[in-house]
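These notes concern the structure reproduced below.
On a predicted model such as this, the values are computed, not experimentally measured, just so you know. The analysis underlying the following values was restricted to heavy atoms, covering all of them including side chains, and did not include hydrogens, waters or symmetry mates. Letters A, B, ... are given to chains in the order of the sequence lines, protein chains preceding strands, and every chain is numbered from 1.
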Protein chains: 2
Amino acid sequence: MKQGNRHDLPAEPDYILISKALEVVSGKWRLYLILQLGEETRRYSQLAEMLPSISEKVLAGELKALVVLGVIDRKVYAEIPPRVEYTLTSKGRLALPILRLLQEIGRIFN
Amino acid sequence: MKQGNRHDLPAEPDYILISKALEVVSGKWRLYLILQLGEETRRYSQLAEMLPSISEKVLAGELKALVVLGVIDRKVYAEIPPRVEYTLTSKGRLALPILRLLQEIGRIFN
DNA sequence: CCGTATCCGAAATGATACTG
DNA sequence: CAGTATCATTTCGGATACGG
């Protein structure tokens, strides 16, 4: 009979976790958006300038998705004209170093 | 006037690198495929079993894309019946630890 | 055994005009 | 300023049948 099955599974990849990770980075702009934001706080218009060729619909949609995922926070100021600021959440800051490492992958295969 | 502009750019994310990195991981199955393969050598049919719900067209397409990217090697044996084996390239093995880290991102946002 | 060819529907992306 | 609404276009994933 089997005894002591520590290490029985050779760290089999978990599709659920991978899908969730891909939600965070996937899309043409999502990862780039997170990396551009970094530890800073940025207004909507600043982000729009940083990603020159993204359409408004897509930018707004990606930001909304990242808020829902818990990657970024959205703070609205009741001013005129309106001001909306985006910042990484604590989870987002936790993930940031790993996401920065992903750029190394790009370097490897370039 | 400005002097000594080392570090003028605060490590601005490079869209080219990021795109390349996303090519490696993106798609519903690509990252999962790499992680399942790991350091092993696997036949086409073995990979097909590991990803039960992937269609043949997509599996063949993803494998071909990963070969072109330089992530995996494809080795054909002139036997009957034919045998085709896939293995990570040296670049692929270099990238593997980072790709495994990506699963942690999934854990963070679960 | 290891794919390719074809077709289809769904999803992602984008251009543009408009609004609180 | 910070988005939403609408429509057009492109890309993706999947089912299935067939080929070397």
Side-chain angles (χ1 to χ4, degrees), chain A residues 13 15-16 18-37 40-69 71-88, chain B residues 15-16 18-37 40-69 71-87:
Chain A
Y15 185 63
I16 305 293
I18 293 172
S19 302
K20 187 56 86 173
L22 287 178
E23 272 190 71
V24 174
V25 303
S26 78
K28 234 176 122 180
W29 300 106
R30 206 167 287 187
L31 177 58
Y32 192 62
L33 200 45
I34 296 171
L35 293 175
Q36 279 288 6
L37 184 55
E40 307 299 315
T41 294
R42 298 275 184 227
R43 301 181 61 159
Y44 179 89
S45 50
Q46 292 182 295
L47 293 171
E49 286 164 24
M50 289 167 153
L51 286 70
S53 70
I54 190 173
S55 83
E56 296 184 55
K57 191 196 87 173
V58 174
L59 177 55
E62 299 292 87
L63 287 170
K64 196 181 286 185
L66 288 171
V67 168
V68 170
L69 279 166
V71 181
I72 61 176
D73 259 335
R74 177 177 186 272
K75 201 168 178 184
V76 185
Y77 295 87
E79 304 172 350
I80 294 177
R83 177 160 58 108
V84 179
E85 291 183 345
Y86 293 90
T87 322
L88 284 185
Chain B
Y15 185 64
I16 304 293
I18 293 173
S19 301
K20 189 54 87 174
L22 287 178
E23 273 189 72
V24 174
V25 303
S26 79
K28 234 175 124 182
W29 300 107
R30 204 166 289 188
L31 176 58
Y32 192 63
L33 201 45
I34 296 171
L35 293 175
Q36 279 287 9
L37 185 54
E40 306 300 314
T41 294
R42 298 277 184 226
R43 300 180 62 160
Y44 179 89
S45 51
Q46 291 180 297
L47 293 170
E49 285 164 26
M50 290 168 153
L51 287 68
S53 69
I54 190 173
S55 82
E56 297 184 56
K57 189 196 87 175
V58 174
L59 177 54
E62 299 292 89
L63 287 171
K64 195 182 285 184
L66 288 172
V67 169
V68 171
L69 279 166
V71 180
I72 61 177
D73 259 335
R74 178 178 186 271
K75 199 166 178 185
V76 186
Y77 296 85
E79 304 172 351
I80 294 178
R83 179 161 56 109
V84 179
E85 291 183 345
Y86 293 91
T87 321

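Between the CG atom of L31(A) and the CG atom of L22(A) there is a distance of 11.0 Å, given to the nearest 0.5 Å. In this structure, L59(A) CG and I54(A) CD1 are separated by 4.5 Å, a value rounded to the nearest 0.5 Å. Summarising the geometry, atom CG belonging to L66(B) is positioned 11.5 Å from atom CG belonging to D73(B); distances are rounded to the nearest 0.5 Å. Between the CG atom in L33(A) and the CG atom in L63(A) there is a gap of 5.0 Å [rounded to 0.5 Å]. The distance from atom CG of L69(B) to atom CD of E23(B), rounded to the nearest 0.5 Å, is 5.0 Å.
Taking 4.5 Å as the limit, some side-chain heavy atom of W29(B) sits within range of a side-chain heavy atom of V58(B).
Each end of the helix from dC1(C)-dG20(D) to dG20(C)-dC1(D) gets its own axis, taken as the rotation carrying the C1' atoms of four end pairs onto the next four within a five-pair window, and the two axes meet at 50° to the nearest 10 degrees.
In this structure, CD1 of I80(B) is placed 16 Å from C1' of dG3(C), rounded to the nearest angstrom. Counting to the nearest Å, the P atom of dT13(C) and the CG atom of L33(A) are 12 Å from each other. Rounded to whole Å, the distance from CZ on R74(A) to C1' on dG3(D) is 8 Å. Counting to the nearest Å, the P atom of dA2(D) and the NZ atom of K75(A) are 15 Å from each other. Here the C1' atom of nucleotide dT19(C) and the OH atom of Y44(A) are 13 Å apart, to the nearest Å. To the nearest angstrom, C1' of dT13(C) lies 15 Å from CG of L63(A). If you take CD of Q46(B) and P of dG3(C), they are 13 Å apart, rounded to a whole angstrom.
Within the 4.0 angstrom heavy-atom criterion, no nucleotide atom of any strand lies near R30(A). At a threshold of 4.0 angstrom between heavy atoms, the contacts of Y77(A) with the nucleic acid are absent.
Checked options R43(B), Q46(B), E40(B), R74(B); the residue passing with Y86(B) is R74(B) (criterion: side-chain hydrogen bond (donor to acceptor under 3.5 Å, both in side chains)).
Counting only residues at least two apart or in different chains, side chain to side chain donor-acceptor pair (under 3.5 Å) contacts with residues 51-69 of chain A comprise R30(A)-E62(A).
Side-chain atoms of A60(B) lie closest to dT4(C) of the nucleotides dG3(D), dC1(D), dT4(C). Distance from the side chain of S45(B) is smallest for dC2(C) among the nucleotides dG3(D), dC2(C), dT4(C).
An OP1 or OP2 oxygen of dA2(D) is reached within less than 4.0 angstrom by a side-chain nitrogen or oxygen of R43(A).
Heavy-atom distances to DNA chain D give each of K64(A) and P81(A) a nearest nucleotide, and the one nearer the 5′ end belongs to P81(A).
T87(A) and T41(A) form a side-chain donor-acceptor contact under 3.5 Å, judged by distance and modelled atom types alone.
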In B/S/- notation, 5' to 3', how is nucleotides 13-20 of chain D contacted by protein heavy atoms closer than 4.0 Å?
BBB----B

